[in-house]
Amino acid sequence: CNAIENTLAQQIHIYPNPASNYLNIKLPDELINADIILYNILGEIIPIQIERNNSGLINIDMKHLESQQMILHVISEQGDFVKQVVVINE
């Protein structure tokens, strides 16, 4: 992990976390076209609907997901970044 990757990782903002209805991801400009994959703790890919706007904000609908810990994987040419996300739904 180099200094540029560390800086980019610090610029990835995920909120709210824990999430229930939706999850917002704010990416720095360098990662605006990154792929986003959500995994459960078993490593299975969770199908998600992603909405992007031009300012690097990504919105993911979480209403259909059960309460659980998940792994958010951001994949880009600048590197791969992993963040933990908690979903709390009734």
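Computed from a predicted model, the values in this text were never measured in an experiment.
- Hydrophobic clustering (side-chain heavy atoms under 4.5 Å, transitive across Ile, Leu, Val, Met, Phe, Trp, Tyr) groups Ile58 together with Leu8.
- Here the closest heavy-atom approach between residue Lys63 and residue Asp61 is recorded as N-OD1, 3.0 Å.
- With hydrogens and angles ignored, the 3.5 Å screen pairs no side-chain donor or acceptor of Gln78 with any backbone N or O of Ser76.
- To the nearest 0.5 Å, atom CE of residue Met62 and atom CD1 of residue Ile88 are 11.0 Å apart.
- Contact of the Tyr39 side chain with the Ile45 side chain is registered, since non-hydrogen atoms from C-beta on lie closer than 4.5 Å.
- Both Ile46 and Val85 are assigned to one and the same hydrophobic cluster, defined by single-linkage of ILVMFWY side chains at heavy-atom distances under 4.5 Å.
- Here Leu38 contributes atom CG and Ile25 contributes atom CD1; the two are 8.0 Å apart, rounded to the nearest 0.5 Å.
- The shortest side-chain heavy-atom distance between Val74 and Ile36 falls under the 4.5 Å cut-off.
- Between Ala9 and Phe81, the shortest heavy-atom distance links the atoms CB-CD2, 3.7 Å.
- A pairwise comparison of heavy atoms in Asn89 and Asn21 identifies OD1-N, 4.2 Å as the closest pair.
- To the nearest 0.5 angstrom, Ile60 atom CD1 is 5.0 Å from Leu23 atom CG.
- Looking at Lys83 and Asn17, their side chains never come closer than 4.5 Å, going by heavy atoms from C-beta outward.
- Taken from CD in Gln49 to NE2 in His64, the straight-line distance is 9.0 Å, to the nearest 0.5 Å.
- Side-chain contact check for Gln68 versus Ile41: every heavy-atom pair is 4.5 Å or farther apart.
- Both Ile12 and Ile48 are part of a single hydrophobic cluster, where members link through side-chain heavy atoms under 4.5 Å apart.
- Residues Ile14 and Ile37 fall into different hydrophobic clusters, defined by Ile, Leu, Val, Met, Phe, Trp and Tyr side chains chained together at heavy-atom separations under 4.5 Å.
- A pairwise comparison of heavy atoms in Arg52 and Ile32 identifies NH1-O, 3.0 Å as the closest pair.
- Linking ILVMFWY side-chain heavy atoms closer than 4.5 Å, directly or via other members, places Met70 and Tyr22 in two distinct hydrophobic clusters.
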